[in-house]
Amino acid sequence: MSTIQRLTGMQDVLPDDQRYWQLIVATAVSLAEQYGFQRMDVPILEATNLFVRGVGTGSDFFVQKEMYTLDEGEDSSITLRPEFTAGLVRAYIENGLSSWSPPVKLYTIGPIFRRERPQAGRLRQHSQFDVEILGETDPAADVEVMLLAMNLYRQLGYKELTFQLNSTGCPQCKPLYVTALTDFLAAHLDKLAPVDKERLQKNPLRVLDSKERGMDTLLASAPHILDYLCADCADHFAELRGLLDSLGESYTINFRLVRGIDYYTKTVFEVWDKAIGAQAALCGGGRYDGLAEAIGGPSTPGVGVGIGIERIVLGLKAQEQPAPAAPPPLALIAHFGSATKTAAVQLLFRLRATGLPAQLAFARGRRSLKSQMREADKRGVQYVVIVGESELANGLVAVRPLDGREQALVALDEIVTWLQTGY
RNA sequence: GCGGGUAUAGUGUAGUGGUCAACAUGUCUGGUUGUGGCCCAGAAGAUCGUGGGUUCAAAUCCCACUACUCGCCCCA
């Protein structure tokens, strides 16, 4: 019989890696709370229509059929969330958070599902730390979200990251740019690869993303979106840049930065780490002032970022940053099988009740003390509490420190304070 | 969806036609009667991914499948 194994693109996070995860999540949560964000969790499953209307059928999630969608009869199609923002905005509307005094600052952490071909840094299930500010158009809100991401990376020890910034305009000005870009590309149709010709038809902005040969030189002379922004978008972008400059934050204006989700307006950005392989994007985000309306709610501006946790783990490993070690248990209780087991187990829970991290050396039958001592060494404990028959008869246990100090006989009544103080 | 690579004990590897498949590490047990780390000794653990083919003989050659992995596309 063949053994059942992990599904393609799925990952088990083993105890060693959990150390990284705990560090990342703890850092992210404390930063978010410090910045005034509140946690809100939303379901992993949502109505498919949420993503149809929110993320848009022009997105790769739909075009490349990347979503895990389950059809449950005629009226019911449900989808494993491929991103966080749509669900959070849905919950914001549904629970009436739009009546809260804006801005509403939310964060969440959880799994995201996309049916792609897995490779280094790309999984079909990955986790994101996601941050959103709803109800606010101020570019300072954009800055908050960006710096939360950047400062998270900094606190985790990252030094060299590239911060890519662009504006994608709004429904007023974006179409003008799309027309200009289309005209430009149409004039150079002979230089376009088949893939890009197809993109030109479906979603001209996508051509900017092209990695086809020769496109770099051609696109260098293509029209820039920043020249086509309407007054509002241009002001917003200028103010955003001014704020970033005033904070001494460096960033690269990348007019070819296009995001795969339809809802973005104005600000778009990504942070890249070249050390983790081909999948360099550590996080991506932007402004989505039309999303709430698109999914049937009141017009609500918003800005947010999705931060990939697995890629941070990859980055920390690439930088050879060791994961913080788990604190070892203070004491291991050794005993000699059934004769002393009851006393050993009672002692175990008495120690735990006082908050001491104690472990029991399991022993069916009479397990040698040597092997229990070896176990203690492997677990890295400071003390071995030896529950022996003769001592027990006198209400005593032996406590052996593993750092070379001498072994002591301690009364059962005093063992807690002994372990707490070390004598 | 399209390409490349890989598949041998828990883990990491060696082994390119020929006795009971090797090494490291990990695990377990011992090294005098109830005391760790180092060291020493021993043990357990692999139908060599699956199925087929070639051959007297296959982990080794061929084919298919599957899985994993890396890359393209795109993204976190």
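Chain naming here is simple, since letters A, B, ... match the order of the sequence lines and numbering starts at 1 in each.
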Within the 4.0 Å heavy-atom criterion, would you say A/A376 contacts the bases, only the backbone, or no part of the nucleic acid? nothing

| said: So A/E116, base contact, sugar-phosphate only, or nothing? Heavy-atom distance under 4.0 Å. | reply: base

note: A/R405, atom CZ; B/G37, atom C1'; distance rounded to Å ~ 17 Å

Here RNA chain B, pairs taken as Watson-Crick or G-U under 3.5 Å and shown with ( ), [ ] when crossing and | when to another strand, reads ((((((((.[[[[.)..(...]]]].(((((.......))))).....[[[[[..)....]]]]])))))))....

- With a 4.0 Å cut-off on heavy atoms, is A/E391 in touch with a base, just the backbone sugar-phosphate, or nothing at all? base

Heavy-atom closest pair (A/L419 atom, A/L330 atom, distance to 0.1 Å) is O-CD2, 3.9 Å

Result for 5'-nearest mapping on RNA chain B, choosing between A/E389 and A/R124, is A/E389

Work out how far the P atom of B/C70 is from that of B/C28, and round it to whole angstrom. 32 Å

On RNA chain B, more 5' by nearest nucleotide between A/V381 and A/I261 is A/V381

Tell me which donor-acceptor pairs under 3.5 Å the side chains of residues 281-293 of chain A have, and how far apart each pair is, sequence neighbours excluded?
from   : atom 1 : to     : atom 2 : distance (Å)
A/R287 : NE     : A/D142 : OD1    : 3.2
A/R287 : NE     : A/D142 : OD2    : 3.1
A/R287 : NH1    : A/E136 : O      : 2.9
A/R287 : NH1    : A/D289 : OD1    : 2.9
A/R287 : NH2    : A/E136 : O      : 3.1
A/R287 : NH2    : A/D142 : OD1    : 2.6
A/Y288 : OH     : A/E132 : OE1    : 2.5
A/D289 : OD1    : A/G302 : N      : 3.3

Within the 3.5 Å criterion, strictly below it, is a donor on A/E270 or A/W272 matched to an acceptor on the partner's side chain? yes

Whole-Å distance, A/R117 CZ to B/U69 C1', equals 10 Å

Gap in Å between the two C1' atoms, one belonging to B/A43 and one to B/G5, rounded | 38 Å

- Query: NA contact type, A/R199, heavy-atom cut-off 4.0 Å: base, sugar-phosphate, or nothing?
  - Reply: sugar-phosphate

Could you check whether A/D403 and A/Y383, counting side-chain N and O atoms only, form a donor-acceptor pair closer than 3.5 Å? no

Note to self: Can you check the distance between B/U27 and B/A44, where both ends of the measurement are the C1' atom (answer in whole Å)?
What the structure shows: 9 Å

Residues passing the salt bridge (charged side-chain N to carboxylate O under 4.0 Å, His left out) test with A/R400, sequence neighbours excluded, are none

Between A/L257 and A/V268, the two heavy atoms sitting closest are CD2-O, 3.8 Å

Testing B/U29, B/C68, B/G34 for proximity to the side chain of A/R374, the answer is B/U29

Return yes if the base of B/C68 and the side-chain atoms of A/Q119 contain a donor-acceptor N/O pair under 3.5 Å, otherwise no. no

